[in-house]
Each structure stands twice: as structure tokens, then as C-alpha cells.
Amino acid sequence: MKIPVVSKRTLKLMGNRFEFTVISDKEEIGQEAIDMAIEEVRRIEDLLSTFKETSQTNLINRNAGIQSVKVDNELIQLIKRSIKISAITQGAFDISYGSIDKSLWNFDTTMTALPDPKIALKSVCLIDYKNMMIDDQDSTVMLKHRGMRIGFGGIGKGYAADRAKQILQNIGIKSGIVNAAGDLVTWGKQVNDKNWTIGIADPNQCGQLFSALNISNMAIATSGNYEKYITIDGKKYSHTIDPKTGLPVTGIKSVTILCPSAELADALATPIMVMGIHVGLDLINQLQHVACIIIDDADKLYTSNNINVKH
């Protein structure tokens, strides 16, 4: 009887820390499989990156308000799924956020006051998922107004994790984890035949766990204000910007989403922070196979109807 081997690799992809864990019969098989998964993530990065001049995403952005651009069907489908999430979150998730003026928000020690609400509102005037024109037949995308920009920061890592998992499964890897900077997807079981144990970060203590969940064939993503924020007059402001006001969200420390897809988990975590506890949980309770854990600024725990958390 062969003893299964756990192979791991950590590296920077899509500007983030990716960690691959696979179980196979031999270390070489595991490492070769991880090579293929990495290749897939790099391919997606080339497609979605706004930092790469050659990406199709940048081509769309450069032609905003000018003309439609022919792109791969894969990108069209990802944009269409993004638009669906925008619709169910009432615009709290919107990939056309790329037009926000970065100079308005730098979230460092030099920032001592919030921007003027009128200026903030003006900075988000180009954000509107309804102004992304898609022609399925011709496989083209057009952003309606000049200055509009799309970005996949809220969904891209999750999509890449799902695709890497798919590649690994296709080549016979029956269990593993792809962790894309905290947006992770699991399948199969550990060597000891137990489910994977996944930690949820404690928003108050970096590096500490708030809770742990045993999961398999599930994805998890967390959005929180504990990694990047500013404090003004004793109040903590998250780096998550409300696309309707241009101002940062307050009141929630972290949102964790569990569901079968890393893409969906990634895409729902941030808008729930924007929507707020009650509206956010109300939405999650209407979705099948999706669970949510929220920690507010007073460390109070809220969960969707279908999950119990011990901590």
C-alpha cells in the first residue's frame, strides 16, 4: 500500500501569496501537478491584470467610451458573472470600481481626515456595472463612458483558485487546497482521511485564529478591515470603499463567506461589508449553499441561518 505524500509550494502570483497543497502518490507527481496549476494562475493573471499593458482587461479600459473590444469568451463570462453579483448585491460589488481616484484614498499615516463627501461622491460617478456593454455573439465588451475602468480585484483571486483546483482535479489530484491570499478552495480529505481544518483570522490579533472550521469540497474567503485601515478621531475606517458614496465602510471588522466556489466566496465577502450586517445576512440567507460569519466593531458575532461557529 502506497503512503500518500503531501506536496506544498508557496509563491507570489497576481501580486498575492498563493499556497498550493496537494496529496499524491509521489512528491514528483505532486510538484509536477503544482507546476501546471501555477501555469494556469499565470495565464489568468495575463488576462485580468490591470498592471500588464498587454492584458485584455487593459485593452477594454483603454477603449472606454471609444469602441468595443474583442476579448476571449472566458473574460466575457467572468464579466457576466460579476454583473450578476452586482445585481444581487444592489451594486455593492462592482468591477467598474477601477475609476476611483487612488489619490483620494492612500490609507497610510499621512491620512488624517476623510475626503470631502462631495469630492468622494464625484470620484465614484463612473462606477456603474450597468454601463458595461457586452455582445455575446461578437465576443466584445465596451465601457460606455470615457474614464471608466474595470478591475478584478474583488473576484480574480477566487476565480484563479477555482481554475487551479480544476486543473489539479483534471490531472488526477483527488485532494488538496489552493489558497490565494486567504481566498481558498478545498477538495478531498487529508492523509488521515479527515476534512481539512481551515482557520478564520482573528480581526483583533494579526496571526491569531478566531475560529477553525473542518471543511472539504468548500471554499472560504474573508474580507476585513484589520489588514488595511485608517483611524481618524478614534474611529476605524476600512480600506473597503462603498461604490455609491466613495467613502469607506465602518461597523464591520470582518466578513467570512463559505460556499462551494472560491470565486463566489471572494466576490461576496467585500459587498457584505458594504451592505452592512442585517442587509448582508438577509441576502446570504436567500442564497443556496452559501454561509456567512460577520464580526462587528464591538466583536459581536453574527452568522447566517445555516452555520454554527464555536470560538
Side-chain angles (χ1 to χ4, degrees), residues 10 13-21 37 41 44-45 48 78 81-82 84-86 88-89 92-95 97 151-166 176-187 195-203 206 209-229 238-241 249 252-277 280-281 283-285 287-295 301-304 306-307 309 311:
T10 303
L13 294 163
M14 300 177 84
N16 289 279
R17 184 179 185 269
F18 270 67
E19 189 177 1
F20 300 85
T21 305
V41 174
I44 291 163
E45 183 174 10
L48 304 185
L78 182 59
R81 293 195 300 276
S82 298
K84 273 188 184 162
I85 293 163
S86 295
I88 67 165
T89 60
F93 175 87
D94 198 321
I95 60 167
Y97 71 88
F152 294 95
I155 194 170
K157 291 199 309 295
Y159 174 59
D162 280 343
R163 283 294 313 148
K165 169 197 156 186
Q166 194 61 57
I177 301 177
V178 178
N179 183 350
D183 300 339
L184 60 85
V185 63
T186 67
W187 71 102
N195 283 348
W196 298 101
T197 301
I198 305 300
I200 297 173
D202 186 334
C206 208
L209 288 186
F210 166 79
S211 177
L213 298 163
N214 294 321
I215 60 171
S216 181
N217 305 313
M218 287 290 274
I220 187 166
T222 300
S223 184
N225 70 1
Y226 48 89
E227 283 170 350
K228 209 171 173 190
Y229 61 90
S238 159
H239 74 285
T240 303
I241 304 292
V249 299
I252 293 178
K253 274 184 182 169
S254 76
V255 172
T256 299
I257 301 283
L258 286 108
C259 64
S261 149
E263 178 189 307
L264 184 61
D266 188 10
L268 285 175
T270 302
I272 299 299
M273 282 193 83
V274 173
M275 293 167 87
I277 296 162
L281 285 178
L283 167 66
I284 297 298
N285 286 330
L287 301 175
Q288 285 190 319
H289 313 301
V290 182
C292 177
I293 302 160
I294 298 175
I295 303 168
L301 179 80
Y302 299 81
T303 64
S304 54
N306 53 357
I307 189 169
V309 179
H311 74 287

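Residues: numbered from 1 along the sequence shown. All values below come from the heavy atoms of this structure, side chains included, with hydrogens, waters and symmetry mates left out.
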Next item on the list: Could you verify whether a donor N or O on one side chain and an acceptor N or O on the other, from Thr270 and Ser223, lie under 3.5 Å apart?
Entry: yes
Notebook entry, point to check: Of all residues at least two apart in sequence or in a different chain, which pass the side chain to side chain donor-acceptor pair (under 3.5 Å) check with Ser261?
Noted result: Asp162
Check: For the residue pair Val178 and Lys165, what are the closest heavy atoms and their distance?
Finding: CG2-N, 4.1 Å
Item checked: side chain to side chain donor-acceptor pair (under 3.5 Å) partners of Asn16, counting only residues at least two apart -> none
Notebook entry, point to check: Can you tell which of Val185, Ile44, Val41 makes a side chain to side chain contact (heavy atoms under 4.5 Å, CB included) with Arg163?
Noted result: Ile44
Next item on the list: Kindly indicate whether the side chain of Leu213, heavy atoms from C-beta on, has any atom under 4.5 Å from the side chain of Thr256.
Entry: no
Next item on the list: Identify, with sequence neighbours excluded, every residue that meets side chain to side chain contact (heavy atoms under 4.5 Å, CB included) alongside Asn217.
Entry: Trp187
Checklist line | Heavy-atom side-chain proximity of Leu48 to Leu78 below 4.5 angstrom | finding: yes
Checklist line | Inter-residue atom distance Phe93.CZ - Ile85.CD1, 0.5 Å rounding | finding: 5.5 Å
Next item on the list: Report the residues that fulfil side chain to side chain contact (heavy atoms under 4.5 Å, CB included) with Ala265, sequence neighbours left out, ordered by chain and then residue number.
Entry: Ala221, Ile257, Cys259
Check: Of all residues at least two apart in sequence or in a different chain, which pass the side chain to side chain contact (heavy atoms under 4.5 Å, CB included) check with Ala37?
Finding: Phe20, Ala164, Leu168
Item checked: Rounded distance [0.5 Å steps], CD1 in Ile220 versus CD1 in Ile198 -> 7.0 Å
Notebook entry, point to check: Rounded to the nearest 0.5 Å, what separation is found between the CG atom of Asn214 and the OG1 atom of Thr197?
Noted result: 4.0 Å
Next item on the list: Please answer whether the main-chain N or O of Phe152 pairs with a side-chain N or O of Tyr159 as donor and acceptor at a distance below 3.5 Å.
Entry: no
Next item on the list: Report the distance from atom CG of Leu258 to atom CG of Leu264, rounding to the nearest 0.5 Å.
Entry: 11.0 Å
Next item on the list: Taking all heavy atoms of Glu263 and all of Arg81, pick out the closest pair and write down the distance.
Entry: OE2-NE, 2.8 Å
Check: What residues, two or more places apart in sequence or in another chain, satisfy side chain to side chain contact (heavy atoms under 4.5 Å, CB included) together with Ala92?
Finding: Thr89, Pro271, Val274, Met275
Next item on the list: Check Gly153 against Tyr97 and note the closest heavy-atom contact, atom names and distance.
Entry: N-OH, 3.1 Å
Checklist line | Residue that, paired with Glu19, satisfies side chain to side chain contact (heavy atoms under 4.5 Å, CB included) out of Ile177, Asn179, Leu184 | finding: Asn179
Notebook entry, point to check: Can you tell me how far the CZ atom of Arg17 sits from the NZ atom of Lys157, to the nearest 0.5 Å?
Noted result: 13.5 Å
Checklist line | Ile294 side chain near Val255 side chain, heavy-atom distance below 4.5 Å | finding: yes
Margin query: In the structure I gave you, are the side-chain heavy atoms of Cys292 and Ile307 within less than 4.5 Å of one another anywhere?
Written below: no
Next item on the list: Just jot down the side chain to side chain donor-acceptor pair (under 3.5 Å) partners of Ser304, sequence neighbours excluded, or say none.
Entry: Asn306
Check: At what distance, to the nearest 0.5 angstrom, does CD1 of Ile252 lie from CD1 of Ile272?
Finding: 8.0 Å
Next item on the list: Apply side chain to side chain donor-acceptor pair (under 3.5 Å) to Asp266 and list each qualifying residue two or more places apart in sequence or on a separate chain.
Entry: none
Item checked: Leu281 vs Tyr302, side chain to side chain contact (heavy atoms under 4.5 Å, CB included): CA-CA, chis, key distance, verdict -> CA-CA 8 Å; Leu281 285 178; Tyr302 299 81; 3.8 Å; yes
